There are 2 protein chains.
Amino acid sequence: MNKMSDLLERLRDRGWRLTSQRRVVAEVLDGDHVHLTADEVHARAAERLPEISRATVYNTLGELVALGEVLEVATDGRAKRYDPNAHRPHQHLVCFACGTIRDVHPTGDPLASLPSAERFGFTITTAEVTYRGLCADCARSAA
Amino acid sequence: MNKMSDLLERLRDRGWRLTSQRRVVAEVLDGDHVHLTADEVHARAAERLPEISRATVYNTLGELVALGEVLEVATDGRAKRYDPNAHRPHQHLVCFACGTIRDVHPTGDPLASLPSAERFGFTITTAEVTYRGLCADCARSAA
DNA sequence: TTCTTGACTTAGACTGTGTCTATCTTAGGA
DNA sequence: TCCTAAGATAGACACAGTCTAAGTCAAGAA
Ligand SMILES: [Mn+2]
Ligand SMILES: [Mn+2]
Ligand SMILES: [Zn+2]
Ligand SMILES: [Zn+2]
């Protein structure tokens, strides 16, 4: 049907008990360019399942991250954001003014830009890039 | 004498009152590859000036950031780190295991890797890169 | 279908990080 | 030396996240 029912099936195959709480958390995270905080996930989940607790949302998000189904994104010093786009590698583009986050796909290997003389003997495996600027809407209001 | 007395002079020129608290915060931040949390700055400052308060450390760090003399770095979802290397543009290399942060200088313009088709109409001005891997010491202990 | 049980959920206490306010102190000019 | 606005302080407060103890329930067993 949709991506989320695939996800729920993968989780059931891994021995997860399929509870209504886990189902709504997975549903809330469905979509493109989704980067919600834990409390935003909780608020949206509570629209469908009013008694769901903050602890369960944190537990479920943590489990999804551990299983590699969801990514944690920390673009600012505030709350972490949860990103269901864990299948296709990507980077983030953030608006200075409104905070909107878009998924972007740079060309080339970001690790290639760091010469070995600058690697301090590290074995480097990942590079996260955060591009920042003004989105079209905010550039218009600032004019 | 050193970089910090230069800094203190620049601040005095900008109308800052030169207090002992501000002096020790500036001294604690002196050096290369320095990326301390606010509470680490407070602990080290308190060794020299035991009565210095957390609020003053936070205030002073915030002022130094606003003046462009210190950078805020958020490499994890935990506490922000304060970086006195605000003069030379650089990126960060972080060890997965011990959290050590090194300043690194990639080649080329990081913004060039993002095609305009991937810019969603944004006016992009900065790109922060966080390289992650195992440092030499941690790779050795893991073997 | 009902029973059973350990996996799961819950409320709320607790911790770490950071901000704010009211009051006290002091750097630096008159 | 004195004055005063800028700065420092203690502690309350706010937010993000973790943990615990007690209650609930999904799903396999009978
Ligand atoms: Mn994303
Ligand atoms: Mn740095
Ligand atoms: Zn915007
Ligand atoms: Zn290390």
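In what follows, every chain begins at residue 1, and chains take the letters A, B, ... in the order their sequences are listed. Since the structure is predicted, the reported quantities are computational estimates derived from the model, not experimental observations.
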* **Residue of the set N59(A), V70(A), I52(A) for which side chain to side chain contact (heavy atoms under 4.5 Å, CB included) holds with V25(A)** => I52(A)
* Starting at NE2 of H42(B) and ending at C1' of dG11(D), how long is that distance when rounded to a whole Å? -> 13 Å
* Structure fact -> note: L8(A), atom CG; dA26(D), atom C1'; distance rounded to Å ~ 15 Å
* Does the pair R14(A)/E69(A) count as a salt bridge with the N-to-O cut at 4.0 Å? -> yes
* Test applied, side chain to side chain contact (heavy atoms under 4.5 Å, CB included); reference residue, R81(B); option that passes from I101(B), L71(B), V41(B), V34(B) -> I101(B)
* Asked: To the nearest angstrom, how far is D76(B) atom CG from dG17(D) atom P?
  -> 12 Å
* Take the protein atom CD of E51(B) and the nucleotide atom P of dA10(D), then report the distance between them rounded to whole Å. => 9 Å
* **Pairwise 5' ranking along DNA chain D for L18(A) and I52(B), keeping only the more 5' one** => I52(B)
* Asked: Does D13(B) come within less than 4.0 Å of R10(B), counting only side-chain N to carboxylate O?
  -> no
* For N59(A) and N59(B), take the nucleotide of DNA chain D holding the closest heavy atom to each; which residue's nucleotide lies nearer the 5' end? -> N59(B)
* Is the shortest side-chain N/O distance from R54(B) to OP1 or OP2 of dT9(D) below 4.0 Å? -> no
* **D39(A) CG - dC15(D) P separation (whole Å)** => 10 Å
* Of the candidate nucleotides dA27(D), dC19(D), dA16(D), which contains the atom at the shortest distance from the side chain of Y58(A)? -> dA16(D)
* Mind calculating the distance between CG (L49(B)) and P (dG7(D)) to the nearest angstrom? => 17 Å
* Asked: Rounded to whole angstrom units, what separation is found between the CD atom of E63(B) and the C1' atom of dA8(D)?
  -> 11 Å
* Structure fact -> Taken to the nearest whole Å, CG/L61(A) to P/dT18(D) is 10 Å
* To do: Could you check T19(B) against S53(A) and say which one's nearest nucleotide on DNA chain C is further toward the 5' end?
  => S53(A)
* Asked: What is the 5' to 3' range of DNA chain C, first to last nucleotide, that sits under 4.0 Å from any heavy atom of chain A?
  -> dG6(C) to dA11(C)
* Looking at V129(B) and A127(A), what are the two nearest heavy atoms and their distance? -> CG1-CB, 4.3 Å
* To do: Would you indicate what A79(B) reaches in the nucleic acid, counting non-hydrogen atoms under 4.0 angstrom: base, sugar-phosphate, or nothing?
  => sugar-phosphate
* Asked: Is the ring centre of H90(A) less than 6.0 Å from the ring centre of H92(A)?
  -> yes
* Check whether the side chains of N85(B) and H35(B) place a donor and an acceptor atom closer than 3.5 Å, and report yes or no. => no
* **Short side-chain N/O contact from T56(B) to OP1 or OP2 of dG7(D), under 4.0 Å** => no
* **Nearest-nucleotide 5' precedence on DNA chain C, Q21(A) against R81(B)** => Q21(A)
